[in-house]
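What follows is a set of notes on a single structure, which appears directly below.
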Amino acid sequence: MGLRHPHKPSEYPSFWLYLLDETHVTVTLSTALILLYTRDAHVLWFSVGALGSTWVAKILKLCLRAPRPPSPPPESRPSRVRPKKTYGMPSTHSTALTFYWVYLLLMIPSLTPIVIRSLDSVSGPLSSILALLPLPHSLSQEMSGVLGYPAISPLGALASGIPSLSVGSVLLGTALTGLWAAGLWSRVELGYHTPQQVLGGAALGAVLAPAWALVWGRNPAVGDVIQRSIDTAWKEVVGRVLG
């Protein structure tokens, strides 16, 4: 539920809900590790935008001052996880999750090759395992195709100039959508927010993400400045550590 007063997994109705409730920790940590590993200007830009979206949601909460759902009766004891005491509209988690979801969906054509390179180390062994399994030839071919990430063109993609999508892109987008939907569902299921508050947060994130991406796309010079700053700072840090 929070870093200062975390709940134990046993206090949740299910371990799945516990994992979903900790997305603010796992997602933030994953983003920080990716930023440290890539030291990429766009990753930093995206991270700042995601953080900024949560602050926009918090400011709106203070302005709207909408209460969260009432706590369940003590005798019901559905779980020991109780709603938070801050305001509820819009849901900050829903805003951040939707920001991530929309922004990453927009970036899928460039993200897919990176994910594919990460999966290359396991695709070979998986293909070998599939070859040993007594699968029908057609199914075996389809599975091998997924591991090989062949390109598939959506209807009218070539005519409209939209880049063709690969199977890897579709799978990545599906996974992102599933995690996003599960995260939003958990906010209502745990009693933290009403459906309206979750939808309000999602709407906010859906507006902020493309706007932030548009600013990046229309100002390439900003990326150059940020990248030079990252490179300079990294050299200074590494130089002091190794020096």
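Only a predicted model underlies this, so the values are computations on that prediction, with no experimental measurement involved.
Val225 and Leu35 fall into different hydrophobic clusters, where Ile, Leu, Val, Met, Phe, Trp and Tyr are joined by side-chain heavy atoms under 4.5 Å apart, directly or via other members. Note: the hydrophobic cluster containing Met107 also contains Leu105 (ILVMFWY, side chain heavy atoms under 4.5 Å, direct or indirect links).
Of all non-hydrogen atoms in Ala182 and Leu20, the two that sit nearest each other are O-CD1, 3.5 Å.
Evaluation of the ring-ring contact (aromatic ring centres under 6.0 Å, His included) rule for Trp101 yields Trp180 as partners, not counting sequence neighbours.
Under the 30°/60° scheme for interplanar angles, the aromatic rings of Trp216 and Trp45 are found to be tilted.
Side-chain atoms of Asn219 never come within 3.5 Å of backbone atoms of Val222 as a donor-acceptor pair (strictly under, hydrogens ignored). With Thr28 contributing its side chain and Val25 its backbone, the two residues share no donor-acceptor pair below 3.5 Å. Proximity of a side-chain donor or acceptor of Trp234 to a complementary backbone N or O of Ser229 within less than 3.5 Å is not detected.
Shown are Lys235, Gln227, Arg228; of these, the side chain to side chain donor-acceptor pair (under 3.5 Å) with Asp231 is made only by Gln227.
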Using atom types as modelled, flag every donor-acceptor pair under 3.5 Å from a side chain in residues 49-57 to any protein atom, sequence neighbours excluded.
from  : atom 1 : to    : atom 2 : distance (Å)
Ser53 : OG     : Ala50 : O      : 2.6
Thr54 : OG1    : Leu51 : O      : 2.5

Distance-only criterion, 3.5 Å: show the donor-acceptor pairs between side-chain atoms of residues 196-208 and protein atoms not counting sequence neighbours.
from   : atom 1 : to     : atom 2 : distance (Å)
Gln196 : OE1    : Thr194 : OG1    : 3.4
Gln197 : OE1    : His193 : ND1    : 3.2
Gln197 : OE1    : Thr194 : N      : 3.2
Gln197 : NE2    : Pro67  : O      : 2.7

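Interatomic distance, Tyr100 OH to Ser30 OG, rounded to the nearest 0.5 Å: 8.0 Å. In this structure, CG in Leu190 is found 10.0 Å from NE2 in His93, a value given to the nearest 0.5 Å. Taking CZ from Phe46 and OG1 from Thr31, the interatomic distance works out to 5.5 Å, rounded to the nearest 0.5 Å. Atom CZ of Arg68 sits about 7.5 Å away from atom OG of Ser91, to the nearest 0.5 Å. Distance check, rounded to the nearest 0.5 Å: CD1 of Ile230 to CG of Leu44 gives 4.5 Å.
When only modelled atom types and interatomic distance are considered, Lys58 and Thr92 share no side-chain donor-acceptor pair under 3.5 Å.
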